[in-house]
Amino acid sequence: MEEVRQSSAWVARNSSHVTVDSSGIEKVVEKIKESIPKVEWDYEGIHYFDNGPLTVQYLFVLDTLNFCFWPDKDLNYDHLAKGLKEALLNDNSAFDADRLQKYTGPQLRELLKWPRPLPLEEERVRLLHEVGFELERSFEGMASKLVESCGKSAVKLVSLITRHFPGFRDHSVYKGHQVFFYKRAQIFASDLWGAFKGQGYGEFNDISSITMFADYIVPAVLQQLGVLKYSSTLASIIEASSEIGAGTEEEVELRACSIYAVEKMRELLSIKSGKQVLSVELDLWLWSVGVQCPSLQHHRTLSIYY
């Protein structure tokens with residue numbers, strides 16, 4: 001996770017299109033320091049949970065597919081979480097490793113009860129196959145075995161996931177520097193921690209190492225709060241709903257500056273409130289603010305990473 005923090009800080013220092021505004025951070029921190037907003041992990045009741053290995057399997061499949069909803073204006077994260085939950089309630093072998101390797105696009109749609117092709121559908125199917133194959137090969141087919149092998153370390157879990165599953169290797173190159181994000185690998189650790197309330201499969205002795213999850217929603221919320229400032233060119237591109245290429249300077253800066261900004265918010269909050277504040281908690285709060293704001297304009301990038 002230090003790679004994520006350090007490379008994001010480097011981008012923030014050398015950024016051309018996105019600026020982290022320290023006075024904006026101070027204003028937000030001042031507003032929330034007395035009662036840091038706590039958002040329950042499953043506040044909408046949309047996730048499958050049985051307190052056992054099947055929940056771990058569900059969450060790993062969910063985070064394998066947890067990216068790029070915006071090309072279909074009606075599709076969102078809730079549809080994915082609820083659709084996978086229903087599929088598992090109907091058939092508890094739906095996510096067995098051998099079956100994950102065989103799904104086709106139409107079958108995935110049927111599983112989610114979605115009436116038309118999903119955005120990046122071929123990529124989603126490819127990633128399901130990859131996950132099923134590697135779970136079977138290295139972890140007895142079970143994501144719970146993957147989690148057990150990390151010794152209660154979220155950092156080790158992220159490292160294991162990115163080593164074994166190429167589809168989770170979320171990094172980029174910016175002005176000649178490698179920049180690391182690992183959004184979906186980190187969010188799996190966070191989902192486990194949230195779902196199991198820091199116990200059992202969700203017990204990590206280093207959950208504070210996890211950063212925020214650089215996606216579409218949180219940068220837009222940070223910009224709305226005055227924490228991020230965009231160049232006029234970037235602001236125009238986002239307002240026009242034009243696509244921003246994956247790996248472009250603008251796209252890397254939006255994600256990296258969000259990570260850096262949330263780290264700065266966390267540090268300042270910890271000082272002012274005298275309590276430990278987790279990036280995962282700040283992320284969940286910022287994300288929940290964003291999804292409850294239908295008019296929020298976010299950047300648009302076709303990517304399997306978020």
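Predicted model only: the values in this text are computed from it and were never measured. These numbers come from the heavy atoms of this one structure, side chains and all, not from hydrogens, waters or symmetry mates.
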*Asks:* Mind jotting down which residue pairs meet the ring pair (Phe, Tyr, Trp, His ring centres under 6.0 Å) criterion with at least one end in residues 265-284? Sequence neighbours excluded, please.
*Replies:*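 Every pair satisfying ring pair (Phe, Tyr, Trp, His ring centres under 6.0 Å) with a residue in residues 265-284: there are none.
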*Asks:* Looking at residues at least two apart in the chain, or sitting in another chain, which of them share a side-chain contact (heavy atoms from CB on, under 4.5 Å) with T55?
*Replies:*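 side-chain contact (heavy atoms from CB on, under 4.5 Å) check on T55 returns Y48, F49, D50, L59, F196.
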*Asks:* I'd like a table of donor-acceptor pairs (distance under 3.5 Å, sequence neighbours excluded) in which one partner is a side-chain atom from residues 139-151, with atom names and distances.
*Replies:*
unit_1 : atom_1 : unit_2 : atom_2 : d
E148   : OE2    : Y201   : OH     : 3.3
S149   : OG     : K145   : O      : 3.4
S149   : OG     : L146   : O      : 2.7

*Asks:* Does the side chain of Q297 come under 3.5 Å of the side chain of E239 through a donor N or O and an acceptor N or O?
*Replies:*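 No pair is found: no donor N or O on one side chain lies under 3.5 Å from an acceptor on the other.
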*Asks:* Please test L112 against L108 for side chain to side chain contact (heavy atoms under 4.5 Å, CB included), starting from the C-alpha separation and ending with a verdict.
*Replies:* CA-CA 6 Å; L112 297 172; L108 177 57; 4.2 Å; yes
*Asks:* List for me each residue that meets side-chain contact (heavy atoms from CB on, under 4.5 Å) alongside V221, sequence neighbours excluded, and say none if there are none.
*Replies:*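 Expected list: I217, L225, L286, V289, L296.
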*Asks:* With R266, which residues qualify under salt bridge (Lys or Arg N to Asp or Glu O under 4.0 Å), at least two apart?
*Replies:*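 R266 satisfies salt bridge (Lys or Arg N to Asp or Glu O under 4.0 Å) with E263 only.
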*Asks:* For residues F188 and F60, establish whether the separation of their ring centroids is below 6.0 Å.
*Replies:*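 Ring-ring flag for F188/F60: true, centres closer than 6.0 Å.
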*Asks:* Flag the pair F133 / F165 as yes when their ring centroid distance falls below 6.0 Å, and as no otherwise.
*Replies:*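 Centroid separation for F133 and F165: 6.0 Å or greater.
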*Asks:* What residues, two or more places apart in sequence or in another chain, satisfy side-chain contact (heavy atoms from CB on, under 4.5 Å) together with D78?
*Replies:*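 For D78, the residues satisfying side-chain contact (heavy atoms from CB on, under 4.5 Å) (neighbours in sequence not counted) are E44, I46, N76, K82.
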*Asks:* List in chain and number order the residues that pass salt bridge (Lys or Arg N to Asp or Glu O under 4.0 Å) with R116, two or more places apart in sequence or in another chain; answer none if no residue qualifies.
*Replies:*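 With sequence neighbours excluded, R116 shows a salt bridge (Lys or Arg N to Asp or Glu O under 4.0 Å) to D72, D74, given in chain and number order.
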*Asks:* When you compare the side chains of S138 and E134, does any donor N or O come within less than 3.5 Å of an acceptor on the partner?
*Replies:*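 Per modelled atom types, S138 and E134 side chains form a pair under 3.5 Å.
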*Asks:* Mark yes when over 12 heavy atoms from residues, nucleotides or ligands other than E110 sit less than 6.0 Å from its CD; otherwise mark no.
*Replies:*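 No - once you tally the heavy atoms of other residues, nucleotides and ligands closer than 6.0 Å, there are 12 at most.
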*Asks:* Tell me if the centroids of the rings in H299 and Y216 come within less than 6.0 Å of each other.
*Replies:*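 Aromatic pair counts; centres sit under 6.0 Å.
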*Asks:* Sequence neighbours excluded, which residues qualify as side-chain hydrogen bond (donor to acceptor under 3.5 Å, both in side chains) partners of K272?
*Replies:*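 For K272 the side-chain hydrogen bond (donor to acceptor under 3.5 Å, both in side chains) partners, ignoring immediate neighbours, are E30.
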*Asks:* Does atom CD (E122) have a neighbourhood of more than 12 heavy atoms from anything else shown, all under 6.0 Å?
*Replies:*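 No, the 6.0 Å shell around CD holds no more than 12 heavy atoms from other groups.
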*Asks:* Mind jotting down which residue pairs meet the ring pair (Phe, Tyr, Trp, His ring centres under 6.0 Å) criterion with at least one end in residues 75-112? Sequence neighbours excluded, please.
*Replies:*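 Qualifying pairs: H47-Y77, Y77-W287, H79-W114.
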*Asks:* Y58 vs L54, test: side chain to side chain contact (heavy atoms under 4.5 Å, CB included). Steps then yes/no.
*Replies:* CA-CA 6 Å; Y58 162 82; L54 201 51; 6.0 Å; no
*Asks:* Taking salt bridge (Lys or Arg N to Asp or Glu O under 4.0 Å) as the definition, give me every residue that meets it alongside E203, ordered by chain and number, with sequence neighbours left out.
*Replies:*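 Counting only residues at least two positions away or on another chain, E203 forms a salt bridge (Lys or Arg N to Asp or Glu O under 4.0 Å) with K152.
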*Asks:* Could you check V20, V28, V227 and say which one makes a side chain to side chain contact (heavy atoms under 4.5 Å, CB included) with L222?
*Replies:*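 With L222 as partner, side chain to side chain contact (heavy atoms under 4.5 Å, CB included) holds for just one option, V227.
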*Asks:* Would you mind checking if K197 and E40 are paired as a salt bridge, meaning a charged N to carboxylate O distance below 4.0 Å?
*Replies:*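 Yes, charged N to carboxylate O under 4.0 Å.
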*Asks:* Taking only residues two or more places apart in sequence or in another chain, which ones pass ring pair (Phe, Tyr, Trp, His ring centres under 6.0 Å) with Y260?
*Replies:*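 Listed in chain order: nothing, the list is empty.
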*Asks:* Scan residues 161-188 for pairs that pass salt bridge (Lys or Arg N to Asp or Glu O under 4.0 Å), counting only residues two or more places apart or in two chains.
*Replies:*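 Qualifying pairs: D170-R255.
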*Asks:* Measuring from S16:OG to E249:CD, what's the distance to the nearest 0.5 Å?
*Replies:*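 With rounding to 0.5 Å, OG (S16) is 5.0 Å from CD (E249).
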*Asks:* Give a yes or no on whether a salt bridge exists between E121 and R124, defined as a side-chain N under 4.0 angstrom from a carboxylate O.
*Replies:*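 Result for this pair is no, no salt bridge flagged.
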